[in-house]
Asks: 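Got a structure for you, questions after.
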Protein chains: 2
Amino acid sequence: MSLRHALLAALAQGEASGYELAKRFDVGVANFWSATPQQLYRDLERLEQDGLVSARVVEQTRRPNKRVFELTAEGRDELRAFGARPAKPPAMRDEFLVKLQAVDPGEPGAIIAAAAERIGRSREKLAGYDQMRERMLSGRDEDEYLRESEQVGPYLTLMAGRMYEQMNIRWATTVIETLTNRQATASG
Amino acid sequence: MSLRHALLAALAQGEASGYELAKRFDVGVANFWSATPQQLYRDLERLEQDGLVSARVVEQTRRPNKRVFELTAEGRDELRAFGARPAKPPAMRDEFLVKLQAVDPGEPGAIIAAAAERIGRSREKLAGYDQMRERMLSGRDEDEYLRESEQVGPYLTLMAGRMYEQMNIRWATTVIETLTNRQATASG
DNA sequence: AACTCCATGTAACATGTTACATGATTCG
DNA sequence: CGAATCATGTAACATGTTACATGGAGTT
């Protein structure tokens, strides 16, 4: 698939260093794509070789120097062309669902704990997204923002992330309820 | 990550051939993991070499023979062990979100069309899931089913898939509304 | 003194994708 | 008669993950 284009899209919001991008992709501000830092460094290298981004070293006194990447005109063109091509269907890889699918009816303990952890993670992500949202809106209400702002893309993808985490919390809650009820009843 | 375990979990529901599994993974009955047929054939091969599944050839007269795979005792053990280990956070790869993130404010046409297509795909998947659900419930209501049936895992993962597609439809609808409104207003 | 954050990378390995190949049968 | 379905695979290539390495600055 195409981390390359996800990187170009991220850089369309403004220049950034590999490290900064890594945080976004890892922590999940870019909630629609995941990647490890190593992948980013490698692909940024390639994007630069292909002339889609340009790098420049920013010297820092109290911290290690960093390489800041920026879209080139070619990069912008490629991003535009990518936007016009049909999108592949989304791909999911969710280990927890695999575990749940095959959960042993006798021992749901581990799964219940995992579901609780998942709710915790989702709440954290949601809190992060909500903060971001406040920062984007900065006082205005949603309708106003959606009419006025230049770029609505980042807001709409953020909403996708929020809805996803909200759904997760609701869903995982019913999973816990279901499994604990069955444990209590124990009418096997 | 681990397609291997997704395969073991799928086979925990009963034996199947590579082709049958491929359909499930491709079409998305296994909505929590995606894989191409080639990957399945390769990984089934390895699982067999590792003794986690066993294969036997079923001769067919009017169709090509098929190899039907079944979990071994070792496979079941591995699946149980896997269930007890902590799960990795879910990974998403969504090209449409990448495109939307960087959508050109001037030309949202392609994105609006893509959003409409996505709604269509989600509706189809949802219809498939709903059918599956009817088949699972077979007359009973949900509460009854969740108390009585041996295996609740497949039902709960199916619910995750349904909720995900429902969310997609709602979200993509607001995306279309937002982008068309801005296009109409054209107050840039 | 130990730990986390900043910042970047190499190398080895594991997974996932695409293109190609085969061949009978059933459906329209 | 052409397309779709059943059924399995090989080979080449692209992506993604894990382990390891470095080193100063700030924090507990």
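Below, chain A is the first sequence line, B the second, and so on; all start at residue 1.
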Asks: Verify the contact: side-chain N or O of A:Q60 to OP1 or OP2 of C:dA7, cut-off strictly under 4.0 Å; return yes or no.
Replies: yes
Asks: Rounded to whole angstroms, how far apart are CG on B:L44 and P on C:dT15?
Replies: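 From B:L44 CG to C:dT15 P: 14 Å.
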Asks: Of the options D:dA7, D:dG16, C:dT18, whose atoms approach the side-chain atoms of B:P64 most closely?
Replies: D:dA7
Asks: In whole angstrom, give the distance that lies between atom CZ of B:R42 and atom C1' of D:dA7.
Replies: 19 Å
Asks: Out of the candidates B:R162, B:R147, B:R133, only one should pair with B:E142 under the salt bridge (charged side-chain N to carboxylate O under 4.0 Å, His left out) rule; please name it.
Replies: B:R133
Asks: Using a distance-only test with no angle check, is there a side-chain donor-acceptor pair under 3.5 angstrom linking B:H5 and A:E95?
Replies: no
Asks: Taking only N and O in the side chain of B:R67, is any of them less than 4.0 Å away from OP1 or OP2 of D:dG9?
Replies: yes
Asks: Please determine whether a side-chain nitrogen or oxygen atom of B:Y41 lies at a distance below 4.0 Å from atom OP1 or OP2 of D:dG9.
Replies: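 Answer no for this pair, as no side-chain N or O of B:Y41 is under 4.0 Å from OP1 or OP2.
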Asks: Name the closest nucleotide to the A:Y19 side chain, picking from D:dT8, C:dC6, C:dT17.
Replies: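 Nearest listed nucleotide: C:dC6.
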Asks: Looking only at side-chain N and O atoms, does B:R46 come under 4.0 Å of OP1 or OP2 in C:dT15?
Replies: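 Yes, such a contact exists.
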Asks: Do the side-chain N or O atoms of A:Q39 get closer than 4.0 angstrom to the phosphate oxygens (OP1, OP2) of D:dG16?
Replies: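 Answer yes for this pair, as a side-chain N or O of A:Q39 is under 4.0 Å from OP1 or OP2.
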Asks: Could you tell me whether the phosphate oxygens of D:dT18, OP1 or OP2, come under 4.0 Å of any side-chain nitrogen or oxygen in B:K88?
Replies: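 Yes, B:K88 has a side-chain N/O under 4.0 Å of OP1/OP2 on D:dT18.
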Asks: So is A:K66 actually on top of A:Y19's ring, under 6.0 Å and inside 45° of the axis?
Replies: no
Asks: Of the candidate nucleotides D:dG9, C:dG16, C:dA7, which contains the atom at the shortest distance from the side chain of B:Q38?
Replies: D:dG9
